[in-house]
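Step one of this worksheet: look at the structure below.
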Protein chains: 2
Amino acid sequence: MSTDQAPPTLEHVAKVAGVSRATVSRVVNGIRNVDPELREAVERAIEQTGYVPNRAARSLVTRRTGAVALVVSEPTKHTDAFAGGVFADPFFGRVVSGVLSVLGPMDVNPVLMLVDSEKARAQLINRLRQDRFDGVLLISIDPRDPLPAQLTQAGVPTVMFARPARSTPISYVDVAHEDGARLAADHLVARGCKQVATISGPLDTPAGQDRLSGFRSAMARHGQAYVPSAEGDFTQTGGERATEMLLLTQPFDGLFVANDLMAMGALDVLRKHGKRVPEDVSVVGFDDSGAALSCRPQLTTIRQPVEDMAAEMARLVVDRISGEGQRVTSVIFEPALVVRGSS
Amino acid sequence: MSTDQAPPTLEHVAKVAGVSRATVSRVVNGIRNVDPELREAVERAIEQTGYVPNRAARSLVTRRTGAVALVVSEPTKHTDAFAGGVFADPFFGRVVSGVLSVLGPMDVNPVLMLVDSEKARAQLINRLRQDRFDGVLLISIDPRDPLPAQLTQAGVPTVMFARPARSTPISYVDVAHEDGARLAADHLVARGCKQVATISGPLDTPAGQDRLSGFRSAMARHGQAYVPSAEGDFTQTGGERATEMLLLTQPFDGLFVANDLMAMGALDVLRKHGKRVPEDVSVVGFDDSGAALSCRPQLTTIRQPVEDMAAEMARLVVDRISGEGQRVTSVIFEPALVVRGSS
DNA sequence: TTGAAAGCGCTAACAC
DNA sequence: GTGTTAGCGCTTTCAA
């Protein structure tokens, strides 16, 4: 009855069932060529002993660990983890939630790793060489991140969340940024906006580029040839600064902001300048993050199905690991307009 | 030059260095009794071959995996992962960040697990019996969660984030809830509030209880014998409802809300009822979560050093695993008042 | 269809 | 101090 008794082994089960280790192994691994009677005997023995296979022993021979790494790759260490950092963003939790929803039931658990330095990157590569992970789920922030290319080259099954900035033969899931931007444009026009402007994300990121170009071309189709824009950095302060800039140039009655965090900043600045939202300026954000709900007025925004995307990302690695999905694949999700108070 | 060449083994290194496997093993594991010259030769050979120890092989013999589980234990599966769920809360990311800050450098990586059903719980216990984790970091939401007791009983080194509702001999980190509540009380009184009220958390949770009782006793010391209160559930809507209730009873010019999310809801309802914050009612929240910054006015709140707490939690498991910290321990952190616009 | 036996790469006695 | 050796628990040829 002691707690730290040695757990039952294959050998153990074999003895109880009166068969060889090999047979037990076959049953455990669901290999067909086993006499039904023996199979049943083995199953009873497993039940009886409470046998659970030892993963270390198994992966020593199979060279598979049944583990995938969930890697967050950030350019530099953020000193204040609270203010900066992906982790502070609820987005991270949503990814985790989506990933867990598919991996959990498969008995695969993601191992969390933060890569925020050269050293950490080397360590990750090492870990992979130790056979510690069968695959990698990668969230990369920095557009100049060498990690996607390194993982591809190392031959590690990898799937990214969002298309890498540098063109790389790697699988990823993403949202149709242009379509989202178009939804925003259509909505603003439908609300009667005559003169719209936009705050873009960093233009060295795919999301920054695509949301801007998508918005511009949609507005062009609506007859507005020129859309004033200011580049932001996806942070609240960045959104504030960009709004100030925009306010200096031309008047506008509609504003598309490339993410919710910046949109929050925009809301503040607009209020400070005596502009009422949505009466004077209609605002649309992007993401549908928690921020969209916590500001006043609540944000009309473009929803990214983050959990679904993360779930798909997990499915893709699992497929690649099992050898089913050999080719590099991308899965693009459609965003949706969520109308709230800001427009 | 092929990518999938078999990685170098101990044997390999031993041959290159001209010593036995045992010696290489000693060097790798930093055991002292090795001739400096040989040690150097071995180190060169390791460098040269690019050797990295195989964790599976190692843990097969040591019965240690060098992995800890980061378990989030929720009562039931939340259908809408976005709205509900711990993961949507930025708090989760902050915990992850803190945990990673100590585990990362130690080459230990947390394995993420969500326990939201009986089945998942059984699976976790199984995983532990497979020797897959050396320790567990547990975030438990439900006050009736049997997991803390189960892990204790199973003899797994476990450290919890926040004191368990059911008294259990288990290690944990927590914040001094009463002290935080006292800070809030002192602040409200200092701001000139004459009649304060409070919205508590669920009274079946330690946080709910302690913040309420701490606030009440601090107010008693300030001469306010009775503090009207309404019980909330730590959600924004819960905060709204509780505020409505409170507004029906007696007037108040100061309000302590047991967490920021509920405080946000309170802000909305107060505004709706024509109460200005902080002119008519001073509001203080608890947590200093992202929500505190994203509402208007920004929340004066009691800051929990979540990252530090999480980091300490990680240190505690590591100590317990290495056998240094054998006794059940608790580490309590002091909260701090953060003054912003709401009071 | 089943069993015997050879390792997977490592650590830890134990002998030298 | 160093090497030899016996496993850790499992999968997987290879014979039977």
Side-chain angles (χ1 to χ4, degrees), chain A residues 4-43 45-46 49-67 107 126-132 134, chain B residues 4-43 45-46 49-67 107 126-132 134:
Chain A
D4 39 43
Q5 220 165 66
T9 68
L10 257 199
E11 180 92 51
H12 212 92
V13 177
K15 205 160 290 172
V16 172
V19 296
S20 72
R21 297 206 310 264
T23 300
V24 179
S25 175
R26 288 181 187 114
V27 171
V28 169
N29 293 294
I31 290 170
R32 276 188 304 279
N33 299 334
V34 178
D35 185 288
E37 262 182 55
L38 282 193
R39 149 161 280 124
E40 208 168 310
V42 170
E43 276 160 357
I46 289 175
T49 53
Y51 169 76
V52 189
N54 177 315
R55 307 282 277 235
R58 176 178 285 175
S59 57
L60 183 55
V61 32
T62 60
R63 311 194 136 288
R64 303 267 232 80
T65 58
D107 197 23
N126 248 357
R127 298 291 211 330
L128 293 166
R129 306 214 2 258
Q130 286 166 186
D131 292 329
R132 277 184 60 192
D134 294 343
Chain B
D4 39 44
Q5 220 166 64
T9 68
L10 256 198
E11 181 91 51
H12 210 93
V13 177
K15 206 160 290 171
V16 171
V19 298
S20 72
R21 297 206 313 263
T23 301
V24 179
S25 175
R26 288 183 186 112
V27 172
V28 169
N29 294 293
I31 290 170
R32 276 188 307 278
N33 299 334
V34 178
D35 185 287
E37 261 182 58
L38 282 193
R39 148 162 281 125
E40 208 169 310
V42 169
E43 276 161 356
I46 288 175
T49 53
Y51 169 76
V52 189
N54 177 316
R55 307 281 277 235
R58 178 178 283 174
S59 58
L60 183 56
V61 31
T62 61
R63 312 193 136 288
R64 303 266 235 80
T65 59
D107 197 22
N126 247 356
R127 298 292 211 329
L128 293 166
R129 309 216 358 261
Q130 286 166 186
D131 290 329
R132 278 185 58 193
D134 294 343

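Below, chains carry the letters A, B, ... as their sequence lines are ordered, and counting in each starts from 1.
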ask   = Looking across every strand, which nucleic acid part, if any, lies under 4.0 Å from B:V28 by heavy atom: base, sugar-phosphate, or nothing?
value = nothing
request  = Check DNA chain D against residues 12-24 of chain A and give the residues with a non-hydrogen atom under 4.0 Å, in numerical order.
outcome  = A:R21, A:A22
inquiry  = If the cut-off is 4.0 Å, is B:S25 near the phosphate of C:dC10, judged by side-chain N/O to OP1 or OP2?
reply    = no
inquiry  = Let's test your reading of the model: under 3.5 Å, does the base of C:dG3 pair with the side chain of A:R26 as donor and acceptor?
reply    = yes
ask   = Is any N or O donor-acceptor pair between the side chain of B:R32 and the base of D:dG1 shorter than 3.5 Å?
value = no
Atom-to-atom span, CG of A:N33 to P of C:dG3 - whole angstrom = 13 Å
d(CG, A:L60; P, D:dT12) in whole Å = 12 Å
Between C:dT2 (C1') and A:E37 (CD): distance, integer Å = 14 Å
Test item: A:S59 and A:R64 side chains (from C-beta on) under 4.5 Å apart, heavy atoms = no
request  = In whole angstrom, give the distance that lies between atom CD1 of A:I46 and atom P of D:dC10.
outcome  = 10 Å
message = Is the phosphate of D:dG9 approached by A:N54 (side-chain N or O, under 4.0 Å from OP1 or OP2)?
response = no
Test: B:R63 and B:D134 ion pair at under 4.0 Å = no
ask   = Minimum heavy-atom separation for A:A17 to A:A41, with atom names?
value = CB-O, 4.0 Å
Contact nearer the 5' end of DNA chain D, comparing B:P36 with A:P8 = B:P36
ask   = Atom CD1 of B:I31 to atom C1' of C:dA12: distance rounded to whole Å?
value = 9 Å
Whole-Å gap separating P (D:dC10) and CZ (A:R63) = 18 Å
query = Do A:E40 and A:V34 touch side chain to side chain, with heavy atoms closer than 4.5 Å?
reply = no
task = State, with a plain yes or no, whether a side-chain heavy atom of A:V28 is found less than 4.5 Å away from one of A:S25.
result = no
query = Heavy atoms, side chains only, cut-off 4.5 Å: are A:V27 and A:E43 in contact?
reply = yes
task = By nearest nucleotide on DNA chain D, pick out whichever of B:L38 and A:V61 is the more 5' one.
result = B:L38
inquiry  = Counting only side-chain nitrogens and oxygens, does A:N29 get under 4.0 Å of the OP1 or OP2 atom of D:dT11?
reply    = yes
task = For B:R58 and D:dG7, give me the distance from atom CZ to atom C1', rounded to whole Å.
result = 17 Å
inquiry  = Are the side chains of A:N54 and A:T9 in contact, using a 4.5 Å heavy-atom criterion?
reply    = no
key: d(CD, A:E11; C1', D:dG7) in whole Å   = 12 Å
